[in-house]
Each structure stands twice: as structure tokens, then as C-alpha cells.
Amino acid sequence: MTDLDTRMAPPGPSALRRAAPALLGYAAVRALSLLALAVWSAARDKSAYTLLTARWDALWYARVAELGYGYEVRMPNGDVHSNLAFFPLLPWLERLGATLTPLSYADAGFAVSLLASLAAAWGIFAVADHIYGPRAGVCAVLLWAVLPVGIVQSMAYSESLFTALAAWSLYAVLTGRWMAAGALAMLAGLTRPVGLAVVAAVWAAGIASFVRDRSTAGPHGSRHVTRALGMLLAPLGTAGYVLWVGHRTGKGPLGYVDVQAGWRNGFDGGYAFARFVADKFTSFPSALAGIGLIIGVGLVVWLYVVCVRQRQPLPLLVYGGIVTALALCASSYFGSKPRLLLPAFPLLLPLALSLSRLRTRRSAGGLAGVAVASAVYGAFWLNGSGPP
């Protein structure tokens, strides 16, 4: 299925009723994960809420919300960690929440993530339902919920917010709502650097639609205008923030690249990651981890190949491919790669389609078992090394 289908979804209340099974299932999985985290953290005399809201990147987002940009930490090795690396939409929402309610910045970040995760689940359902039907939509949402690092969806991080914006932008493209697609892509571009994937998806679909219209007779004037405006709107978020950082640092358009370099983040085509995996084979215990990493990368690549073979719509292939490539081929902290792959939900659609063809009892039983394992792993992971 490569052509865009402009079939519209039912209006709001009907659409919510249609998505209700997926959202209820998603909420149940998230509640199970949070319960497991609370029990595990209590056993280790730690605060589960602190792990979710006041560690790692969550601290950086809250500091931006409270004090704005300009804070940096100089590491012993000379690296400079600047908060300019963090895109502004989540801090803006945290500041808004703290201004309008009694919540702290960290509390507001947690609330935003909880609401955004539900919006992301609904968006994933909408995309999968539009292509494959409601059973596949429910399965896609539950698969996203039970990912091993799914606990990040409940943290004061930007993954849930970004996935929600990306999913609904893609859905807007699939249903011909070009202005909505562009606006949501712009917001996604203000959330994470990988917002470029959403922009590319909107542009690829728009160009393909222009080409298709040229080959068909009939008036297309108003549609051409709204499509062009949506495409022009899409990159403004990413471009605006990157250019602002360049102006702020005095280093021009490449200023943001320098900021990321201070965190040792960059794109090297996967060379550093390949060396990291190769180093695992220098001793026997770590070789098992190396084998696991190779299997994991192979599974991700295989899923994308299946997406292509199943002829997913062009915007999903573009978006999923870019998110996957940026996650696997970046030179950033290697433990964060599973987290960086969280927004790549189109990779789950082949599995969701297969699950949807099984009997409900079999698919539900399998997903329930995986949900328990994911909850336990998430609690263990967050109480250990956790996301950087």
C-alpha cells in the first residue's frame, strides 16, 4: 500500500470509542510497569517517582524550564555539556504546567509524559487502524507499550511527546490533512532532533502527491495550496531552533552540531557502534552481550525490510527508516539506542498485523506474558544503569 488513502476517520467521539480498547490496554500495561517499578524501588530503598522525574535528561529539561538556556557543565575530559542540546517544546510545556498549576517543573514534566503517552498510543492506533484495521491497531499499541524500555514512556523525557506528534502528523498525511500534518511536524521538530524524520515524511508524501496529481485530470488548485503550505510549515520547528542555537553560540548554522559534539553525539554511519559491538568479543562473558546486540540490530533491520515488502505507505517508510538510521548510526551513548528507537513504531506494524490474525486468546496471552517481563525488566533497568 503505497498510495495515500484520503478516507477520513469517524468524528471525535466515534474515533475515541473505536480506540478505547487500545487505550485501555495501553493504560493497563503502563500501570503494571509503574507498579513493578514502585515495588522494586521500595525494595532497594529508592524513590520510583525520583527515578521517573529527577534523573538524567529529566533534570536537564526541568532546569531549562526553570532557568532557561545557558547552563553547561564542563566534564573532567574537557567535554562541554550544554543544555542547548535539549529542544524546547517539553520545557515550554513544563513551564506552562508549573505556571498554571501547583505542580513543580518535574511534576509537570511527568504529567506531560503521561498525557502524551496516551496521545501517542491513540496516534499509533489511528495509523495502524487506517492501514490494517482496528485489531492490528490494538496490537500495535500494545506492542509499543510492552517494549523492553517502555518505562521511558512514563518518564519526564521527550520520547512520548515526540511519538505523539509524529504519529498524528503521519496520520494527518495519510488522511490528506496537510496543514495539520505540517503543524504537527513543526511541533515535533521543536521536540527532538529526530523531528527531521517527520519533516522528511511530510515532504516525501507531498512530492509524491504532487506528481500523482500531475498525472491525473481534474482541478487540484486548492489542494495544491494547502499541501504546499503544510510542507512549508513542517520544517520550521527544527530549522528555527537550530538557527537560534547557531545565533546564540555565534557559530552560525553549524552551532547546534558543535553543541552536540560537546556531548559526543554525532552521525558516523554506525562506525562507533560497530566498534562498540566488536569490543564485546574480547572476552567470553561480554561476547554474549555482543551476540545479543547483533541479533537485536538484525531484528530491527529485518522488521524494516518487512515493512518495505508489505508496501507500507511512503511516509511511514521514510519516517521509520530515518528514525532507525539515526538511532543505529549515531555515535551517542550506546546504551541509549533502544530508547532512541522508541518512536520508530512503524517497525511494529508487521508484528501487529501477524498478531491480529491470531485468535484473541492466543494474542492476548502472549502480550500479557511479554507485558509482565517488560515491567520487571523496566524496574530492574531504571534502578540500575537506566537511560542516560
Side-chain angles (χ1 to χ4, degrees), residues 56-57 60 72-87 148-149 152 157-159 162-163 166 188-189 191-201 203-204 235 238-239 241-243 245-246 249 251-283 286-287 289-305 307-308 317-344 346-347 385-388:
W56 304 297
D57 290 3
W60 287 88
E72 62 184 31
V73 175
R74 187 169 297 275
M75 308 303 290
N77 64 356
D79 291 343
V80 177
H81 290 184
S82 168
N83 64 2
L84 290 169
F86 296 89
F87 275 52
V149 294
V152 174
Y157 271 44
S158 60
E159 273 76 10
F162 175 78
T163 304
T191 308
R192 296 184 64 82
V194 75
L196 286 171
V198 190
V199 177
W203 272 72
T238 300
Y241 183 67
V242 168
L243 291 174
V245 171
T249 60
K251 297 183 178 179
L254 298 180
Y256 186 76
V257 175
D258 288 341
V259 168
Q260 286 285 12
W263 288 81
R264 296 193 176 243
N265 291 335
F267 187 87
D268 62 1
Y271 174 73
F273 185 41
R275 287 190 58 184
F276 173 77
V277 174
D279 288 343
K280 294 293 182 183
F281 291 92
T282 57
S283 62
S286 63
I291 293 172
L293 287 169
I294 292 173
I295 293 173
V297 172
L299 176 62
V300 169
V301 173
W302 174 76
L303 284 173
Y304 186 73
V305 170
C307 291
V308 175
L317 291 176
V318 171
Y319 168 78
I322 293 177
V323 172
T324 302
L326 290 176
L328 294 181
C329 298
S331 59
S332 56
Y333 176 69
F334 305 113
S336 66
K337 292 192 180 293
R339 174 172 67 88
L340 298 179
L341 284 167
L342 266 181
L347 298 181
S385 61

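Checked against side chain to side chain contact (heavy atoms under 4.5 Å, CB included), Phe281 has the following partners two or more places apart in sequence or in another chain: Val277, Ala287, Ile291, Ile294. Among residues two or more places apart in sequence or in another chain, the side-chain hydrogen bond (donor to acceptor under 3.5 Å, both in side chains) test is passed with Ser385 by none. A search for ring pair (Phe, Tyr, Trp, His ring centres under 6.0 Å) contacts involving Tyr304 returns nothing, not counting sequence neighbours. Shown here are the side chain to side chain contact (heavy atoms under 4.5 Å, CB included) partners of Ala327, two or more places apart in sequence or in another chain: Leu340, Leu341. Judged as a ring pair (Phe, Tyr, Trp, His ring centres under 6.0 Å), and not counting sequence neighbours, the contacts of Phe86 are Trp60, Tyr61, Trp263. Annotation: side chain to side chain contact (heavy atoms under 4.5 Å, CB included) contacts of Ala330 (sequence neighbours excluded): Ser332, Lys337. Listed by chain and residue number, Val257 satisfy the side chain to side chain contact (heavy atoms under 4.5 Å, CB included) test with Leu254 (two or more places apart in sequence, or in another chain). Applying the side-chain hydrogen bond (donor to acceptor under 3.5 Å, both in side chains) test to Ser286 and every residue at least two apart in sequence or in another chain returns Ser283. By the side-chain hydrogen bond (donor to acceptor under 3.5 Å, both in side chains) test, Tyr256 pairs with Gln260, sequence neighbours left out. Qualifying side-chain hydrogen bond (donor to acceptor under 3.5 Å, both in side chains) partners for Thr238, counting only residues two or more places apart in sequence or in other chains: none.
When every heavy atom of Ala166 is checked against every heavy atom of Val198, the shortest pair comes out as CB-CG2, 3.7 Å. For Phe276 against Leu293, the heavy-atom pair with the smallest separation is CE2-CD1, 3.9 Å. A pairwise comparison of heavy atoms in Ser331 and Asp268 identifies CB-OD2, 3.6 Å as the closest pair. Shown here for Tyr319 and Ala201, the closest heavy-atom pair between the two residues is CB-CB, 4.0 Å. Scanning all heavy atoms of the two residues, the minimum distance from Val323 to Ala344 falls at CG1-CB, 3.7 Å. Shown here for Val245 and Val259, the closest heavy-atom pair between the two residues is CG1-CG2, 4.0 Å.
A heavy-atom distance below 4.5 Å is found between the side chains of Leu317 and Cys307. Residues Thr324 and Val300 form a side-chain contact, since some pair of their non-hydrogen atoms from C-beta on lies under 4.5 Å apart. Between Ser158 and Phe87, the closest side-chain pair of non-hydrogen atoms is not below 4.5 Å.
With rounding to the nearest 0.5 Å, the separation of CG in Asp57 from OG in Ser336 is 9.0 Å. Rounding to the nearest 0.5 angstrom, the gap separating the CD1 atom in Ile295 from the CG atom in Leu299 is 9.5 Å.
Between the side chain of Thr282 and the backbone N or O of Asp279, at least one donor-acceptor pair lies under 3.5 Å.
Sorted by first and then second residue, the salt bridge (charged side-chain N to carboxylate O under 4.0 Å, His left out) pairs with a member in residues 253-263 read Lys251-Asp258; sequence neighbours excluded.
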Pairs under 3.5 angstrom only: tabulate donor-acceptor contacts from the side chains of residues 77-85 to other protein residues two or more places apart or in another chain.
{"residue": "Asn77", "atom": "OD1", "partner": "Asp79", "partner atom": "N", "Å": "3.0"}
{"residue": "Asn77", "atom": "ND2", "partner": "Asp79", "partner atom": "OD2", "Å": "3.0"}
{"residue": "Asp79", "atom": "OD2", "partner": "Arg264", "partner atom": "NE", "Å": "2.6"}
{"residue": "Ser82", "atom": "OG", "partner": "Leu84", "partner atom": "N", "Å": "3.1"}
{"residue": "Asn83", "atom": "OD1", "partner": "Gly70", "partner atom": "N", "Å": "3.1"}
{"residue": "Asn83", "atom": "OD1", "partner": "Tyr71", "partner atom": "N", "Å": "3.4"}
{"residue": "Asn83", "atom": "ND2", "partner": "Gly68", "partner atom": "O", "Å": "3.3"}

